[in-house]
Asker: 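The structure follows.
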Amino acid sequence: MIKEYTTTVEISGPLMLVDGVTDVSFEELVEIELPSGEIRHGKVLEIDSRRALVQLFEGSSGTDLEKCRVRFLGKGVELGVSTEMLGRVFDGQGRPRAPFDTAPPIVPEKMMNINGAPINPYARDYPAEFIQTGFSSIDGINTLVRGQKLPVFSANGLPHGEVAAQIARQARVLGKGESFAVVFAAMGITFEEADYFIRDFKATGAMDRAVVFLNLADDPAIERISTPRMALTAAEYLAYEKDMHILVILTDMTNYCDALREISAARKEVPGRRGYPGYLYTDLASIYERAGRIKGRKGSITQIPILTMPEDDKTHPIPDLTGYITEGQLILNRELHKKGIYPPMDVMESLSRLKDKGIGKNKTREDHADLFNQLMAAYSAGKQARELSVILGVAALSTLDRQFMEFAEEYEKRYISQDDHEDRGIEETLNLGWELLKHLPREEMKRIRPEYLDRYWPVEKA
């Protein structure tokens, strides 16, 4: 039942306090009619006795305390979902985003509340299948597994936008008869960044299997809060009702958290670390934990949140709390970026905690685990030799140390680095690893089982 009130008692920034309300619920959708007849929207943030605190989606400029008519609609914020969403671009409220999408609104099959619940741990199925991104630094070393949450930690000036776009257009699940799509949500980005993503998706054909949600930097902060939830609602529909495997890419979660801090300050809440609200961990968990596999359901949701670390600080609350919730992290390195390495993936600092579950025989290849262990050991030895050469000089290094140092250089240039439109299959990635290892003595291959060495590194006959 729709209830209308003209009892607004206070307006502060994007917040409106309405007095004398009855039977109003948390997260309920609100319509605000201005004296000009313009309709704005909001949702209930807080209820205290007979007062409701409403957060406005479009901001409060032009509102009038005495003449505004506030209607409580008796339902939460909903998204109309349908398979027609594929290939479309929406804003943070689920409307077609002009000028990137000028088609009419979709005809929804159903309406879904965007505040979906995290997956019940009892209902979760363990992630176990490989997702190919086309990046050797991910597929070969820090493998992404279907149903996993694997964030990218970046920093200002690093190419996380390009990495996000490349993963979106290249990612796929191996195997026949599997339906796969990408849900891409961008928060607080510039028009130029949005234009880059859309042009890239359309030029490469990735748009046909993508659902895109764009929230621009000049859009209201409250819309930034709803954008990832809109994206995850679309993903849940496609995954669990249409049996598709969905990869959700969220960029940039730092902009999302800054919007959360802005709203918290407007509500006069007691700030936590760095001014962020004390419930930041809980709020992030409500987003990240909506990814996964559910027992008895064919579809799955895999999530790659991307965030920029302020001042390259991994102890900042956003990357710190994200790391606690997710199953690893991929870290972009500024020093590698300065050397012209793309993607500048710091494979030593990065970690995919579930990679062992998605590789091996009948998934990638039987030698995968041994190979990446040997590659990481050799790269570590090469980096140590490089550091030693700075102190002692190259001439003071042993022959073996120089070989490892040369391996590290080749590993960065040929394995980690690749073209921004180079899509490497897992076989190519694994074969490239063997090719690089052959620059080292065979007796140094101590992490690879003899049967794999004999198969992939046969002894040359005299």
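All values reported here derive from a predicted model rather than from experimental measurement. Note: hydrogens, waters and symmetry copies are ignored here, and every other heavy atom, side chains too, is used.
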Asker: Closer than 3.5 angstrom, by distance alone: can the side chain of S350 be matched with the main-chain N or O of I331 as a donor-acceptor pair?
Answerer: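 Here the side-chain-to-backbone pair exists.
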
Asker: Look only at the side chain of R209 and the backbone of R169, and say whether a donor-acceptor pair between them is shorter than 3.5 Å.
Answerer: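 Answer holds: yes.
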
Asker: Go through the steps for E223 and S226 under the test side-chain hydrogen bond (donor to acceptor under 3.5 Å, both in side chains), then give the verdict.
Answerer: CA-CA 5 Å; E223 193 174 303; S226 65; over 6 Å; no

Asker: Does the salt bridge (charged side-chain N to carboxylate O under 4.0 Å, His left out) test come out yes or no for E262 and R224, once each step is laid out?
Answerer: CA-CA 11 Å; E262 180 184 334; R224 209 156 296 148; 5.5 Å; no

Asker: Quick check on K295: does its NZ atom have over 12 non-hydrogen neighbours (other residues, nucleotides or ligands) under 6.0 Å away?
Answerer: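 Atom NZ in K295 is packed in, count exceeds 12.
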
Asker: Hey, mind stepping through Y240 and L238 against side chain to side chain contact (heavy atoms under 4.5 Å, CB included) and telling me if it holds?
Answerer: CA-CA 6 Å; Y240 304 134; L238 294 173; over 6 Å; no

Asker: Using the side chain to side chain contact (heavy atoms under 4.5 Å, CB included) rule, pick out the option among E236, K110, E109, R297 that qualifies with E241.
Answerer: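 Of all the options given, the one that passes is K110.
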
Asker: Indicate yes or no: does R334 engage D346 in a salt bridge with an N to O separation below 4.0 Å.
Answerer: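 Judged by the 4.0 Å cut-off on N to carboxylate O distance, R334 and D346 do not form a salt bridge.
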
Asker: Checking Q166 against Y342: is there a side-chain donor and acceptor pair closer than 3.5 Å?
Answerer: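 The criterion, which ignores hydrogens and geometry beyond distance, is satisfied for Q166 and Y342.
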
Asker: Between R71 and E33, is the closest basic N to carboxylate O distance under 4.0 Å?
Answerer: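 Salt bridge between E33 and R71, a charged N being under 4.0 Å from a carboxylate O: yes.
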
Asker: Please say whether more than 12 non-hydrogen atoms of neighbouring residues, nucleotides or ligands are located less than 6.0 Å from CZ in R273.
Answerer: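 For R273, atom CZ is crowded (more than 12 foreign heavy atoms under 6.0 Å).
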
Asker: Evaluate the side-chain proximity of Y126 to V145: yes if any heavy-atom separation is below 4.5 Å, no if none is.
Answerer: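 Result no, sub-4.5 Å side-chain heavy-atom pair not found.
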
Asker: Test I189 against L216 for side chain to side chain contact (heavy atoms under 4.5 Å, CB included), laying out the working first.
Answerer: CA-CA 5 Å; I189 63 172; L216 302 187; 4.1 Å; yes

Asker: For Y276 together with H316, are the ring centres under 6.0 Å from each other?
Answerer: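 Ring centroids of H316 and Y276 are less than 6.0 Å from each other.
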
Asker: I'd like to know if the side chain of R97 and the backbone of L214 have a donor-acceptor N/O pair within less than 3.5 Å.
Answerer: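 Yes; at least one donor-acceptor contact below 3.5 Å.
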
Asker: Does the side chain of D252 pick up a donor-acceptor pair with the side chain of T308 at under 3.5 Å?
Answerer: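 T308 and D252 do have a side-chain donor-acceptor pair below 3.5 Å.
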
Asker: Less than 4.0 Å between a side-chain N and a carboxylate O, is that true for R261 and D258?
Answerer: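 So D258 pairs with R261 through a salt bridge.
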
Asker: Is the backbone of M376 close enough, under 3.5 Å, to the side chain of S380 for a donor and an acceptor to pair up by distance?
Answerer: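 No; zero donor-acceptor contacts below 3.5 Å.
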
Asker: Taking Q148 for its side chain and E327 for its backbone only, find out whether a donor-acceptor pair lies under 3.5 Å.
Answerer: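 Here the side-chain-to-backbone pair exists.
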
Asker: Does the side-chain hydrogen bond (donor to acceptor under 3.5 Å, both in side chains) test come out yes or no for T63 and R40, once each step is laid out?
Answerer: CA-CA 10 Å; T63 54; R40 296 188 184 177; 5.8 Å; no

Asker: Between F184 and F201, is the gap from one ring center to the other below 6.0 Å?
Answerer: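 Yes: the rings meet the under 6.0 Å criterion.
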
Asker: Any chance NZ of K357 has more than 12 other-residue heavy atoms, nucleotides or ligands included, within less than 6.0 Å?
Answerer: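 Open.
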
Asker: Could you go step by step and tell me if R69 and E31 meet the salt bridge (charged side-chain N to carboxylate O under 4.0 Å, His left out) rule?
Answerer: CA-CA 8 Å; R69 308 178 75 84; E31 277 186 357; over 6 Å; no

Asker: For the side chain of S12 and the backbone of L15, is there at least one donor-acceptor N/O pair under 3.5 Å apart?
Answerer: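 No; zero donor-acceptor contacts below 3.5 Å.
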
Asker: When the ring planes of H368 and F372 are compared, do they come out parallel, tilted or perpendicular, using 30° and 60° as the limits?
Answerer: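 Ring orientation of H368 relative to F372: perpendicular.
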
Asker: Would one find more than 12 heavy atoms of other residues, nucleotides or ligands at under 6.0 Å from atom NZ of K339?
Answerer: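 More than 12 within 6.0 Å, yes.
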
Asker: Would you check if the side chain of E269 reaches a backbone N or O of P277 as a donor-acceptor pair within less than 3.5 Å?
Answerer: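 No, the answer is negative, given that no donor and acceptor are paired below the 3.5 Å cut-off.
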
Asker: Regarding K202 and the six-membered ring of F100, is the cationic atom NZ or CZ under 6.0 Å from the ring centre and inside 45° of its axis?
Answerer: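 Not flagged: K202 not positioned over aromatic ring of F100.
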
Asker: Do T233 and R290 touch side chain to side chain, with heavy atoms closer than 4.5 Å?
Answerer: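 The answer is yes; the side chains approach within 4.5 Å.
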
Asker: So, do T133 and Q170 sit near enough that their side-chain heavy atoms are less than 4.5 Å apart?
Answerer: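 No; the side chains remain at least 4.5 Å from each other.
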
Asker: Does T302 reach the side chain of I246, with side-chain heavy atoms less than 4.5 Å apart?
Answerer: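 Of all side-chain heavy-atom pairs linking I246 with T302, none is under 4.5 Å.
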
Asker: Measure the shortest side-chain to side-chain distance between E428 and E422 over non-hydrogen atoms and say whether it is less than 4.5 angstrom.
Answerer: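 They are in side-chain contact.
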
Asker: Measure from the side-chain N and O atoms of D208 to the backbone N and O of G87, and report whether any donor-acceptor pair falls under 3.5 Å.
Answerer: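 No: the side chain of D208 does not pair with the backbone of G87.
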
Asker: Evaluate the criterion side-chain hydrogen bond (donor to acceptor under 3.5 Å, both in side chains) for residue pair D320 and Y281; output intermediate values, then yes/no.
Answerer: CA-CA 10 Å; D320 186 35; Y281 178 92; over 6 Å; no

Asker: So, does N215 use its side chain to make a donor-acceptor pair with the main chain of G92 at under 3.5 Å?
Answerer: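 Pair absent, no side-chain N/O of N215 close to backbone of G92.
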
Asker: Do L354 and L150 have side-chain heavy atoms sitting under 4.5 Å apart?
Answerer: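 Result no, sub-4.5 Å side-chain heavy-atom pair not found.
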
Asker: Are any of the side-chain heavy atoms of D200 and H421 separated by less than 4.5 Å?
Answerer: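 SC-SC contact between D200 and H421 confirmed.
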
Asker: As an exercise, state the distance from CD1 of I141 to CG of L351, rounded to the nearest 0.5 Å.
Answerer: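 Result: 12.0 Å between the selected atoms.
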
Asker: Give a yes or no on this: more than 12 heavy atoms of other residues, nucleotides or ligands lie within 6.0 Å of atom CD of E66.
Answerer: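 At most 12 heavy atoms, drawn from other residues, nucleotides or ligands, come within 6.0 Å of this atom.
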
Asker: Filter on side chain to side chain donor-acceptor pair (under 3.5 Å), then keep only pairs touching residues 79-89, sequence neighbours left out; what's left?
Answerer: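 Output for this query lists R88-D101.
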
Asker: Working note: E427 + R365, criterion salt bridge (charged side-chain N to carboxylate O under 4.0 Å, His left out); need CA distance, chi angles, decisive distance, verdict.
Answerer: CA-CA 8 Å; E427 285 283 336; R365 206 168 70 186; 2.9 Å; yes

Asker: Using the side-chain hydrogen bond (donor to acceptor under 3.5 Å, both in side chains) rule, take T429 and R424 through it: C-alpha gap first, then chi angles, then the decisive distance, then the call.
Answerer: CA-CA 6 Å; T429 288; R424 290 182 188 164; 5.4 Å; no

Asker: More than 12 foreign heavy atoms under 6.0 Å from CD of E4: is that the case here?
Answerer: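 More than 12 heavy atoms, drawn from other residues, nucleotides or ligands, come within 6.0 Å of this atom.
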
Asker: To the nearest 0.5 angstrom, please state how far the CE atom of M345 sits from the OG atom of S137.
Answerer: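 So the CE of M345 and the OG of S137 are separated by 4.0 Å.
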
Asker: Kindly determine whether E10 and T8 satisfy side chain to side chain contact (heavy atoms under 4.5 Å, CB included), including the steps that lead there.
Answerer: CA-CA 6 Å; E10 185 180 348; T8 302; over 6 Å; no

Asker: If I take atom CD from residue E27 and atom CD1 from residue I47, how far apart are they, to the nearest 0.5 angstrom?
Answerer: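 That separation rounds to 10.0 Å.
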
Asker: Measuring from Q303:CD to I249:CD1, what's the distance to the nearest 0.5 Å?
Answerer: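 The distance works out to 10.5 Å.
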
Asker: Relative to each other, are the rings of Y379 and Y411 parallel, tilted or perpendicular (30° and 60° limits)?
Answerer: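 Correct class here is tilted.
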
Asker: Would you check, one step at a time, whether the test side chain to side chain contact (heavy atoms under 4.5 Å, CB included) holds for T254 with M309?
Answerer: CA-CA 8 Å; T254 301; M309 299 179 291; over 6 Å; no

Asker: Can you check whether L307 reaches F153 side chain to side chain, under 4.5 Å on heavy atoms?
Answerer: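 When only atoms from C-beta onward are counted, F153 and L307 do touch, with a gap below 4.5 Å.
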
Asker: May I ask you to say whether R293 pairs ionically with D125, meaning some side-chain N is under 4.0 Å from a carboxylate O?
Answerer: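 Here R293 pairs with D125 in a salt bridge, since their nearest N and O are under 4.0 Å apart.
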
Asker: Does atom OH of Y324 have more than 12 heavy-atom neighbours from other groups under 6.0 Å away?
Answerer: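 Incorrect, the count does not exceed 12.
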
Asker: Determine yes or no for a side-chain-to-main-chain donor-acceptor pair under 3.5 angstrom, with N373 supplying the side chain and A369 the backbone.
Answerer: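 Answer holds: yes.
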
